[in-house]
Protein chains: 2
Amino acid sequence: MGEATIRDVARRAEVSVASVSRALNGLNNVRGETRERIVAAAKELGYVPHAGARSLSLARAHAIGVVLPDLHGEFFSECVRGMDREASRRGYVLLLSNMHDDSEQSAAALRTMRGRVDGLLVMAPHITPESLERALPAALPAVLINAPGEVAARPALRLDNHAGAHAMVEHLLAGGYRHIVHIAGPESNVDAQERLQGYRDALAALAPDMPVRVIAGDFNEEAGEAAARQILASHEPCDAVFAANDMMAIGCLHTLRQAGKRVPEDIAVAGFDDVPLARYLALTTIEVRIAEIGARAVSRLVDMLEGKGPGGGVELYAPELIARATTAARTGATAHG
Amino acid sequence: MGEATIRDVARRAEVSVASVSRALNGLNNVRGETRERIVAAAKELGYVPHAGARSLSLARAHAIGVVLPDLHGEFFSECVRGMDREASRRGYVLLLSNMHDDSEQSAAALRTMRGRVDGLLVMAPHITPESLERALPAALPAVLINAPGEVAARPALRLDNHAGAHAMVEHLLAGGYRHIVHIAGPESNVDAQERLQGYRDALAALAPDMPVRVIAGDFNEEAGEAAARQILASHEPCDAVFAANDMMAIGCLHTLRQAGKRVPEDIAVAGFDDVPLARYLALTTIEVRIAEIGARAVSRLVDMLEGKGPGGGVELYAPELIARATTAARTGATAHG
DNA sequence: CGGCCGTCCGTAACCGGTTACATAACCTTT
DNA sequence: AAAGGTTATGTAACCGGTTACGGACGGCCG
């Protein structure tokens with residue numbers, strides 16, 4: 001037995017479907033006595049409106065599609081949590097679809113969203129603007145999060161990775177560290193690219209005589225471990241490691257310590273993201289308030305949907321440096337000594 | 001301007017909507033030449049089928065509603081990740097709705113799912129079976145995760161919290177610890193209740209002469225810190241703490257260490273969940289493979305939806321103890337010395 | 001009393017797909 | 001050549017809501 005429909009309610013209350021719809025949606029052109037009969041009938045039948053049908057006739061689904069890449073743990077949940085909080089506050093529900101880096105699959109994911117959501121939140125740090133542009137249904141409002149480049153005047157939220165990395169290099173130099181190695185993220189990831197560039201630019205601006213040294217990584221812990229082994233085996237001097245994210249920093253930290261190195265006395269370690277782990281390991285890092293960004297993305301999208309906002313424009317989020325023990329200043333250090 | 005509809009495609013290809021539908025859905029009763037014309041027209045218009053309309057006429061949304069309580073970070077994302085993986089593998093998409101403990105709000109959340117999802121995944125460790133029963137649309141298939149009690153023959157997945165807690169107490173006793181304090185979770189949370197009961201039962205069975213001592217908590221880190229302060233201030237002996245979850249164990253661990261206690265020499269600490277942090281802090285805990293449970297829940301639900309499975313029945317997941325340094329055995333300890 | 005207005009309510013079209021059924025064209029078969 | 005079968009396509013009903021439009025009714029006015 002399927003659920004009761006509006007027609008069942010109409011039959012039971014001995015009115016037309018139009019009256020049921022009006023009564024249940026709180027329109028005022030229904031007589032009090034009729035409304036009561038309808039409400040009673042609806043309750044007796046346990047009637048719940050069919051959201052799908054409703055959204056079809058209203059051309060409004062009150063749902064937001066969320067397309068995220070494969071994020072590491074905490075990051076993902078924080079992002080979704082922020083979105084969910086704001087979405088439910090504004091009467092929307094979230095339709096989730098992970099985008100497993102395959103760009104073909106991503107396009108398919110976006111496709112299945114059409115007709116069930118009013119707008120899209122897309123986080124795609126590893127997709128080129130062109131293919132994203134192509135995959136996005138043109139008529140669907142969308143807010144981009146950390147997308148590379150500008151995509152067809154879509155509003156976007158971007159984390160200021162460059163500023164964050166710059167601040168970190170500055171912090172390390174101020175702490176007296178001179179030979180700073182960077183463990184980079186995936187080459188195709190725009191966050192990783194910007195952090196790398198921030199590192200390069202900061203070094204060029206603040207300590208042009210110091211060597212630029214980059215070890216490739218992929219944002220995973222193992223990459224950090226591998227980088228640490230490489231640093232240990234190398235003859236080149238290195239007194240600080242700045243990893244493009246916390247997980248690599250953590251892997252690096254562990255391997256260095258297991259090899260007998262003292263952190264930060266022998267070598268400093270810093271990350272990026274401020275995952276909860278960072279606090280416990282006293283890891284210096286850059287705080288990324290991802291939940292806030294998620295919430296803000298929803299807010300902007302809903303504003304667009306409800307015609308309240310201009311839409312366009314890129315909002316930049318400045319992250320904050322959190323100094324902890326793994327980069328404690330060297331004793332007797334001077335900023336440029 | 002609105003997206004192109006099937007009628008636009010039909011007009012452009014000079015056929016009827018029925019043919020378009022048939023061609024695009026791969027039915028074989030369309031002439032090759034006609035099919036090509038239709039496909040070409042669809043591509044030219046950038047036609048994407050309207051999932052809402054489709055699900056209305058098919059009475060199939062290929063979507064699964066997920067209702068979760070406010071979970072702490074990693075736990076949430078792991079759960080959703082497991083679900084998403086399995087869902088996308090089987091061609092479904094996830095509709096997410098956090099259930100912020102308010103039971104009224106939860107009912108509303110469930111209500112908005114009707115007509116947009118084919119089935120429900122509900123994790124509700126803090127809702128009574130009766131109100132859950134009342135809130136669940138009767139005709140919607142649902143799989144319950146860690147729900148208290150049995151709800152109207154709904155299939156369910158349950159974590160064997162009792163066995164996990166029992167194993168932990170056994171492990172601590174075997175390590176030579178005698179005075180084991182339990183930091184409990186929220187009273188209304190069924191996971192917390194079962195863990196507490198497991199602690200009590202294990203102690204009664206294995207060390208009936210040892211005191212049962214429970215400190216109230218709420219699953220948050222702060223509760224662990226408060227519990228640690230209480231233990232430090234108390235005159236009662238205590239050589240081991242078993243917290244109902246990792247976050248409280250971590251809070252406790254920190255506070256104990258900051259107070260100068262050595263762990264595990266002065267006092268052992270154990271948790272429950274195996275959050276990623278646990279590994280780094282060398283915290284002994286009980287591994288809960290939540291992603292696996294999430295994936296399994298999706299799998300069972302989809303089986304039900306596609307008439308492949310019997311549906312009913314409770315599946316119990318046995319968690320595994322992971323012994324780490326915070327509960328290293330006392331030197332010279334014997335199991336019952 | 002006739003006309004006008006406002007309130008309440010029902011009929012039916014519509015949202016964008018799917019599909020049962022009808023139909024037309026063409027191919028066999030006897 | 002007529003009957004019967006097959007195949008490709010179109011027509012229209014349907015999924016479950018919303019809502020424009022119009023009709024019925026009662027009250028009020030001149």
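Numbers restart at 1 for each chain; the letters A, B, ... are given by sequence-line order, proteins then strands.
Panel note: side chain R158(B), backbone L144(B); no donor-acceptor pair is recorded below 3.5 Å. Looking only at distances, a side-chain donor or acceptor of D118(A) sits under 3.5 Å from a matching main-chain atom of H62(A).
Using a 4.5 Å heavy-atom cutoff, the side chains of L121(A) and V67(A) are not in contact.
Within a 6.0 Å sphere centred on CD of E315(B), heavy atoms belonging to other residues, nucleotides or ligands number more than 12.
R7(B) has its CZ atom 12 Å from the C1' atom of dT11(D), to the nearest Å. Between the P atom of dT19(D) and the CD1 atom of I6(A) lies a distance of 11 Å, rounded to the nearest Å. One interatomic measurement links the two molecules: CG of N29(B) to C1' of dT9(D), which rounds to 9 Å at whole-angstrom precision. Summarising the geometry, the separation between CG on N25(A) and P on dA20(D) is reported as 13 Å, rounded to the nearest angstrom.
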Next on the checklist: Pair R54(A), N25(A) - check side-chain hydrogen bond (donor to acceptor under 3.5 Å, both in side chains), show working.
Outcome noted: CA-CA 11 Å; R54(A) 195 141 198 281; N25(A) 286 319; 3.0 Å; yes

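Comparing R35(B) and P49(A) by the nucleotide of DNA chain D that holds the closest heavy atom to each, the one mapping nearer the 5' end is R35(B). Where R22(B) and A53(A) each meet DNA chain C at their nearest nucleotide, the meeting point lying more 5' is that of A53(A). Comparing S57(B) and E33(B) by the nucleotide of DNA chain D whose heavy atom lies nearest to each, the residue mapping closer to the 5' end is E33(B).
Taking 4.0 Å as the cut-off between side-chain N and carboxylate O, R11(B) and D8(B) count as a salt-bridged pair. Ionic pairing of E78(A) and R289(A) is not present here: no N-O contact between side-chain nitrogen and carboxylate oxygen is shorter than 4.0 angstrom. A salt bridge links R37(B) with E33(B); the closest basic N to acidic carboxylate O contact falls under 4.0 Å. Salt-bridge check for D303(B) with R296(B): failed, with every basic side-chain N at 4.0 Å or more from each acidic carboxylate O.
When the side-chain nitrogen and oxygen atoms of T34(B) are compared with OP1 and OP2 of dT9(D), one or more of them lie within a distance under 4.0 Å.
Across all strands shown, R114(A) has heavy atoms under 4.0 Å from sugar-phosphate atoms exclusively, and none from any base. Using a 4.0 Å heavy-atom criterion, one finds that L56(A) contacts the bases of the nucleic acid, with or without backbone contacts as well. If you check every strand for non-hydrogen atoms under 4.0 Å, S21(B) touches a base. Within 4.0 Å (heavy atoms only), A18(B) reaches at least one base atom of the nucleic acid.
Each end of the helix from dC1(C)-dG30(D) to dT30(C)-dA1(D) gets its own axis from five base pairs, and the two axes differ in direction by 60°, given to 10 degrees.
Of all nucleotides in DNA chain C having an atom under 4.0 Å from a heavy atom of chain A, the first and last in 5' to 3' order are dC8(C) to dG17(C).
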